[in-house]
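Structure, as structure tokens:
Heads up: numbering here begins at 1 and tracks the sequence. Whatever order the structure lists ligands and atoms in, that order sets their numbers, starting from 1.
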Amino acid sequence: MSQNRRDFLKNLAAIGGLSMVNVSLLAKNFENKKMNSISRNSKMKLSWMPYDLQLKHTFTISNFSRTITPVVLTQLEYDGLTGYGEASLPPYLGESQASVIAFLEKVDLSGFNDPMNMEEILTYVDTIAENNTAAKASVDIALHDLVGKIIGKPWYQLWGLNKNDVPPTTFTIGIDTDDVVKQKVQEVKGQFKILKVKLGGREDKRMIEAIRAVTDLPLTVDANQGWKDRLQALDMIYWLKDKGVVMVEQPFPKYKLDEIARLTEESPLPVFADESVQRLHDVERMKGVFSGINIKLMKCTGMREAWKMKNLAQALGMKVMIGCMTETSCAISAAVQLSPGMDFADLDGALLIQNDPFDGAKLIDGKMISSDLPGIGIKKR
Ligand code: MG
């Protein structure tokens, strides 16, 4: 065994979640390929570009509307290959194109010769500054795409997952007038098997009734921390269950964990954490508080930590869901790699924009399914 091949296998085994079976299979596939294609002398080159996503519909939360979502698209070049990444920056989360670019300007990869050393590289990126989770995700996703392309496999395969074993994705319906709500549901008729409804106020029952007037599809509900009282919330959950709702997301403010734990215990529907859980270190204390967690690449720094969160939550006996922001097919396809085996998927982000620069995971029979391309499974349009 040549030194190069030994190094390669060692690095490959170091990738979290890769079984030795997969490693030996990959090694076999590699027999006939030139090992020196992984040059030890190449350097990784990170570049970025701010980009505004044009939304198909005006997006309204409370009394704030917007028609664009700013993102930063990243590229990580190495040895003739390019990995693509993305930071999505909805304004309410505190990062901006300027803050992402300021962060990326600090990323110095000159000390790393080998993209396969993902753990070292991404640990370094995480220590550059606190927070900046979307900026960090833009490097993480690009590195995963690059490494998948070096190996020649999509990540769902490297993780040993079946790309078709995914839950149907929800399509999100925002708070709006009855007519708009009904029209939105009619527009996507036949495309989705489950819908997600934004609630959290006095108009919750009206919203549900409006949707029920036009569809029998199962619903999930996202209260976005908007409910106040535990007994009222419990009444509402029983009512929602009768209306065909199958799950409730973030009923109370994120820090009210005792209230949420009591509600979860009494709730006839699973209760999921979104705002209450950001990163890996949050997962363990959610056990006994929520039934499950909503993992999003933009809040947890990317695929590497999302994969760890999924495995930890499932090991703790919790359910898992994968969510998104408004994103291009880049970040969505990255999230899709993780979605096999999840309980819920909310990956409609790229379906809401008009100017997606990438082609990747596709909506097939209500599910977001990865392509067979290596890495995160995308190509430029
Ligand atoms: Mg949510």
Checklist entry - Name of the Glu249 N, O or S atom nearest the Mg ion (ligand 1)? => result OE2
Checklist entry - Does the shortest distance from the Mg ion (ligand 1) to an N/O/S atom of Asp346 fall below 2.8 Å? => result no
Item to check | Electrostatic pair Asp140:Arg304 at N-O distance under 4.0 angstrom | outcome: no
Item to check | Salt bridge flag under 4.0 Å for residues Lys196 and Asp348 | outcome: no
Checklist entry - Among the N, O or S atoms that Asp222 has, which is closest to the Mg ion (ligand 1)? => result OD2
Checklist entry - More than 12 foreign heavy atoms under 6.0 Å from CZ of Arg262: is that the case here? => result no
Checklist entry - Strictly under 2.8 Å, is any N, O or S atom of Glu275 next to the Mg ion (ligand 1)? => result no
Checklist entry - Once the angle between the rings of Phe272 and Phe344 is folded into 0 to 90°, is it parallel (under 30°), tilted (30 to 60°) or perpendicular (over 60°)? => result perpendicular
Checklist outcome for this item: Looking at Asp274, the N/O/S atom that lies nearest to the Mg ion (ligand 1) is called OD2
Item to check | Salt-bridge present (Lys299, Asp274; N to O < 4.0 Å) | outcome: yes
